[in-house]
J.: 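Let me begin by handing over the structure; questions about it come next.
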Amino acid sequence: MWAIFVSWASFLFLLPSNSVNEQYTKVVHATSGTIFGITGSIFLVYSGPVIIIGFLAIIYLWISGDEEIQEKTKKSASFRLWTFPIIIDGPFGVVTAAELIGIMLFAVYIVWAVIAYTIKNVSLLPLMEITDTGKRNLLLLELTGLRFGFIGLVCMAFLFLPVARGSVLLRLIDIPFEHATRYHVWLGHLTMVLFTLHGLFYVIAWAIEGRLVQEVTAWKNIGISNLPGVISLVAGLLMWVTSLPPVRRLNFELFFYTHQLYVVEA
């Protein structure tokens with residue numbers, strides 16, 4: 001499970017690079033004519049390894065037995081840097097060494113992905129042979145929205161890991177479920193910011209070009225459909241707004257039931 005997880009995370013981290021992105025594009029296009037289609041292939045690339053880990057975790061728990069899993073390991077008095085608190089008072093509360101490494105790696109990925117995709121977008125413009133400055137700017141706007149969508153997919157792929165109760169991965173790095181849920185909250189905020197920018201950039205470009213209604217309502221049988229994306233974004237925004245502390249504290253049931261829209265949003 002760790003081998004699959006590390007390989008998958010490394011692939012996503014390197015995806016903005018030209019070499020890895022070319023291989024990813026080849027895989028997606030190679031399966032575009034199959035039962036999976038383009039969107040199915042994207043789903044398998046981003047979420048397939050997590051599904052495999054889930055099945056392996058079930059097998060692991062079945063082999064280990066409930067008693068062994070539920071039994072608490074004896075705490076050692078020895079110093080352990082892995083679980084030693086590094087930050088006491090911060091936006092994430094008490095942060096251990098393992099958590100700090102994860103936070104820093106994720107922050108580095110976001111910065112690296114934005115820079116790499118921006119360079120790639122600018123380099124693509126001369127290849128389009130578009131002389132009109134306005135059209136070039138609109139194309140750049142759409143490409144930027146597309147890249148924000150890619151980064152948001154990576155965030156969403158990690159979004160459910162911190163709230164997997166009894167997760168084997170969380171157990172191996174000694175992070176309790178109650179402690180890990182805060183990363184689900186922060187990842188949720190980051191994911192929705194990226195997806196909102198993704199949709200907003202497209203909407204602005206389509207509105208300027210005068211084809212907003214046609215694009216928003218488009219539902220293609222082949223390729224990527226826009227209307228399902230609009231429905232998904234609206235569901236995500238409802239989940240996001242109702243999960244904010246003022247709304248959640250005022251009406252927890254509204255937050256709870258609206259959060260079931262994750263099935264539509266995902």
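Both backbone and side-chain heavy atoms feed into the values below; hydrogens, waters and symmetry mates do not.
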J.: Using distance only, find each side-chain donor-acceptor pair of residues 237-250 under 3.5 Å and give its atom names and separation, not counting sequence neighbours.
T.:
{"residue": "Trp240", "atom": "NE1", "partner": "His189", "partner atom": "ND1", "Å": "2.9"}
{"residue": "Thr242", "atom": "OG1", "partner": "Leu238", "partner atom": "O", "Å": "2.7"}
{"residue": "Thr242", "atom": "OG1", "partner": "Met239", "partner atom": "O", "Å": "3.2"}
{"residue": "Ser243", "atom": "OG", "partner": "Met239", "partner atom": "O", "Å": "3.1"}
{"residue": "Ser243", "atom": "OG", "partner": "Trp240", "partner atom": "O", "Å": "2.8"}
{"residue": "Arg248", "atom": "NH1", "partner": "Ser243", "partner atom": "O", "Å": "2.6"}

J.: Return the minimal non-hydrogen interatomic distance between Lys120 and Asn18, and the atom names on each side.
T.: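 Between these two residues, the closest heavy atoms are CE-OD1, 3.3 Å.
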J.: Is Val108 reachable from Val20 through a run of I, L, V, M, F, W or Y residues, each pair having side-chain heavy atoms under 4.5 Å apart?
T.: yes
J.: Restricting to pairs with a member in residues 186-195, which pass salt bridge (Lys or Arg N to Asp or Glu O under 4.0 Å), not counting sequence neighbours?
T.: none
J.: Report whether Phe256 and Leu261 are members of the same hydrophobic cluster (ILVMFWY, side-chain heavy atoms less than 4.5 Å apart, transitive linking).
T.: no
J.: Applying ring pair (Phe, Tyr, Trp, His ring centres under 6.0 Å), name anything that partners Phe252, two or more places apart in sequence or on another chain.
T.: Phe255
J.: Just distance, no hydrogens or angles: give the donor-acceptor pairs under 3.5 Å from side chains in residues 144-157, sequence neighbours left out.
T.:
{"residue": "Thr144", "atom": "OG1", "partner": "Leu140", "partner atom": "O", "Å": "2.7"}
{"residue": "Arg147", "atom": "NE", "partner": "Asn121", "partner atom": "OD1", "Å": "2.8"}

J.: Not counting sequence neighbours, which residues clear side chain to side chain contact (heavy atoms under 4.5 Å, CB included) with Leu141? List them please.
T.: Phe201, Ile204, Ala205
J.: Shortest non-hydrogen contact from Ala218 to Pro228?
T.: O-CD, 4.4 Å
J.: Could you check whether any side-chain N or O of His184 sits under 3.5 Å from a backbone N or O of Leu159, counting only pairs where one atom can act as donor and the other as acceptor?
T.: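 Yes; judged by distance alone, with no hydrogens or angles, the pair exists.
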J.: When clusters are formed from ILVMFWY side-chain contacts under 4.5 Å, directly or step by step, what else is grouped with Val185?
T.: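 Members other than Val185 - counting any ILVMFWY side chain reachable under 4.5 Å - there are none.
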J.: Please collect all side chain to side chain donor-acceptor pair (under 3.5 Å) contacts where either partner lies in residues 106-118, sequence neighbours excluded, each pair once.
T.: none
J.: Check ring pair (Phe, Tyr, Trp, His ring centres under 6.0 Å) between Tyr202 and all other residues, then give those that pass, not counting sequence neighbours.
T.: His198, Trp206
J.: Shared ILVMFWY cluster between Ile52 and Tyr46, side chains joined below 4.5 angstrom?
T.: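 Cluster IDs for Ile52 and Tyr46 match.
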J.: Applying side chain to side chain contact (heavy atoms under 4.5 Å, CB included), name anything that partners Leu105, two or more places apart in sequence or on another chain.
T.: Ile101
J.: Can you find a heavy atom in the side chain of Val216 that is under 4.5 Å from one in the side chain of Asn226?
T.: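 When only atoms from C-beta onward are counted, Asn226 and Val216 do not touch, as no gap falls below 4.5 Å.
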J.: Heavy-atom count around Gln260 CD within 6.0 Å, excluding the residue itself: above 12?
T.: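 Correct, the count exceeds 12.
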J.: With a 4.5 Å heavy-atom cut-off, do Ser7 and Ile4 have their side chains touching?
T.: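 A side-chain contact under 4.5 Å is absent here.
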J.: Taking the side chain as every heavy atom from C-beta outward, state whether Leu187 and Leu161 have any atom pair closer than 4.5 Å.
T.: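 Leu187 vs Leu161: side chains apart.
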J.: Check the hydrophobic clustering (I, L, V, M, F, W, Y; side-chain heavy atoms under 4.5 Å; chains of links allowed) and say if Val213 and Leu227 are grouped together.
T.: no
J.: Among all residues two or more places apart in sequence or in another chain, which pass the side chain to side chain contact (heavy atoms under 4.5 Å, CB included) test with Thr25?
T.: Asn21, His29
J.: Applying the 4.5 Å side-chain criterion to the ILVMFWY set and letting contacts propagate, would Phe160 and Ile58 be lumped into a single cluster?
T.: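 Per the 4.5 Å side-chain linkage, Phe160 and Ile58 are not co-clustered.
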J.: Could you tell me which non-hydrogen atom of Leu233 sits nearest to which non-hydrogen atom of Met192, and how far apart they are?
T.: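 Looking at all heavy atoms of both residues, the closest pair is CD1-CE, 4.2 Å.
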J.: Does the ring centre of Phe5 sit less than 6.0 Å away from the ring centre of Trp2?
T.: yes
J.: Hydrophobic clusters join Ile, Leu, Val, Met, Phe, Trp and Tyr when side-chain heavy atoms are under 4.5 Å apart, directly or via other members; which others share one with Val111?
T.: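 Under the 4.5 Å side-chain rule, Val111 groups with Ile115, Ile119.
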J.: List the atom of Thr258, the atom of Leu254, and the distance in Å for their closest heavy-atom pair.
T.: OG1-O, 2.5 Å
J.: Counting the benzene-type ring for Trp, do Tyr183 and Phe158 have ring centres under 6.0 Å apart?
T.: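 That pair fails the under 6.0 Å test.
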J.: Mind checking what makes side-chain hydrogen bond (donor to acceptor under 3.5 Å, both in side chains) contact with Glu209, not counting sequence neighbours?
T.: Arg211
